[in-house]
Amino acid sequence: MGKGDQKSTRGKRVRGSYGKTRPRKASKSVVVVEKSVKAKAEPKPKPAKPKAEKAKKSAEE
């Protein structure tokens with residue numbers, strides 16, 4: 001019973017094989033969680049900047 005024994009756990013480890021003596025680890029079940037989609041808030045309208053009034057040329061000048 002040692003490294004060369006195919007039926008022992010140690011022998012299976014050395015050879016890198018699996019079986020009843022050395023079962024594989026049970027895989028964990030994967031649960032898919034859907035992300036909730038948030039509605040994007042509408043952008044706030046930017047206040048219009050007051051335009052500088054140009055000096056009107058009057059006919060009197």
Side-chain angles (χ1 to χ4, degrees):
M1 304 296 161
K3 291 183 181 179
D5 188 15
Q6 294 179 355
K7 293 187 178 182
S8 67
T9 307
R10 185 171 184 173
K12 296 232 180 253
R13 267 191 245 125
V14 170
R15 289 178 177 262
S17 62
Y18 293 92
K20 185 166 183 151
T21 313
R22 185 175 174 240
R24 294 175 188 255
K25 291 183 178 180
S27 62
K28 295 181 182 179
S29 60
V30 178
V31 179
V32 178
V33 179
E34 294 181 21
K35 291 184 177 180
S36 60
V37 179
K38 294 182 180 179
K40 291 186 177 181
E42 294 181 18
K44 295 180 182 178
K46 295 182 180 178
K49 294 182 180 178
K51 293 183 179 179
E53 294 181 19
K54 293 182 180 178
K56 293 183 181 178
K57 292 184 179 179
S58 61
E60 296 176 10
E61 291 182 16

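For the single chain, residues carry numbers from 1 onward in sequence order.
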| Could you state the interatomic distance from CZ (R10) to OG1 (T21), rounded to the nearest 0.5 Å? | 15.0 Å
| field | Donor-acceptor under 3.5 Å (K12 side chain, Q6 main chain) | value | yes
| field | Distance, nearest 0.5 Å, that separates CZ of R13 from CZ of R22 | value | 7.0 Å
